[in-house]
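Beneath this line is the structure, given in structure tokens, with notes to follow.
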Amino acid sequence: MTEVELLPKVKSGLGITGSYQDETLKIYINDVKAFMISAGVSKEIADSDASVGVIVRGVADLWNLESGSAKFSTYFLMRVTQLAVIPVSTTEVV
């Protein structure tokens, strides 16, 4: 899934309209995907429809930072772990 396809999905998931925050959201999306890949999620799965929900969750976690803290939610970390163990050859990701 390309950035052009993913950005509207993330915005929809977060209830954000307009384009004012697009650049910030793109930075967060790229950071979340980089985290996922570094954690063992294949690039193919990170770029697939199966990752949209967890990317939205990760962006929401970053979006709602409190001053001086950065923490991903338990759900985000568990879902990344699940996606990391799925073989790339799997045709359907659950």
Side-chain angles (χ1 to χ4, degrees):
M1 178 170 300
T2 68
E3 183 179 89
V4 171
E5 296 168 319
L6 185 56
L7 180 60
K9 291 179 185 246
V10 170
K11 289 170 67 173
S12 176
L14 296 175
I16 296 173
T17 59
S19 59
Y20 178 73
Q21 298 294 342
D22 285 3
E23 293 307 312
T24 301
L25 291 170
K26 288 177 189 177
I27 290 168
Y28 289 162
I29 289 167
N30 290 332
D31 199 34
V32 167
K33 287 178 77 172
F35 178 94
M36 292 171 61
I37 292 167
S38 294
V41 177
S42 70
K43 182 162 177 17
E44 292 82 1
I45 291 175
D47 289 337
S48 75
D49 288 339
S51 292
V52 173
V54 73
I55 291 170
V56 170
R57 179 70 258 163
V59 170
D61 291 345
L62 294 177
W63 187 266
N64 295 313
L65 290 177
E66 294 178 15
S67 180
S69 71
K71 185 164 65 168
F72 284 119
S73 63
T74 303
Y75 170 79
F76 173 81
L77 296 173
M78 287 189 317
R79 185 64 177 142
V80 167
T81 301
Q82 290 174 336
L83 293 174
V85 299
I86 295 172
V88 177
S89 62
T90 302
T91 58
E92 186 175 320
V93 178
V94 182

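Heavy atoms only: backbone and side chains are in, while hydrogens, waters and symmetry mates are out.
- Not counting sequence neighbours, the partners of Ser73 by the side chain to side chain donor-acceptor pair (under 3.5 Å) test are Asp61.
- Listed by chain and residue number, Asp47 satisfy the side chain to side chain donor-acceptor pair (under 3.5 Å) test with Lys43 (two or more places apart in sequence, or in another chain).
- Residues meeting the side chain to side chain donor-acceptor pair (under 3.5 Å) test with Glu5, sequence neighbours left out: Thr2.
- Criterion: ILVMFWY side-chain heavy atoms under 4.5 Å apart, direct or through other members. Under it, Val52 and Trp63 are part of a common hydrophobic cluster.
- Between Gln82 and Val54 there is no side-chain heavy-atom pair separated by less than 4.5 Å.
- Applying the ring pair (Phe, Tyr, Trp, His ring centres under 6.0 Å) test to pairs two or more places apart or on separate chains, none has a residue in residues 6-27.
- The heavy-atom pair separating Leu14 from Ala60 by the smallest distance is CD2-CB, 3.5 Å.
- From Leu83, atom CG reaches atom CE of Met78 across 12.0 Å, with rounding to the nearest 0.5 Å.
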Mind running side-chain contact (heavy atoms from CB on, under 4.5 Å) on Lys33 and Ile55 for me, showing each step along the way? CA-CA 7 Å; Lys33 287 178 77 172; Ile55 291 170; 3.7 Å; yes
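- For the pair Ile45/Met36, no side-chain contact is recorded, criterion being any heavy-atom separation below 4.5 Å from C-beta on.
- Residues passing the ring pair (Phe, Tyr, Trp, His ring centres under 6.0 Å) test with Phe72, sequence neighbours excluded: Phe35, Phe76.
- Residue Val56 comes nearest to Lys9 through the heavy atom pair CG2-O, 4.1 Å, listed as atom of the first residue, atom of the second, then distance.
- Closest approach of Ile37 to Ala46, counting heavy atoms only: CG1-CB, 4.0 Å.
- Looking at every heavy atom in both residues, Ala84 comes nearest to Ala39 through CB-O, 3.8 Å.
- The backbone N or O of Leu77 sits less than 3.5 Å from a side-chain atom of Thr81, completing a donor-acceptor pair.
- In this structure, the side-chain contact (heavy atoms from CB on, under 4.5 Å) partners of Leu7, at least two apart in sequence or on a different chain, are Lys11, Asp22, Leu25, Lys26, Ile29.
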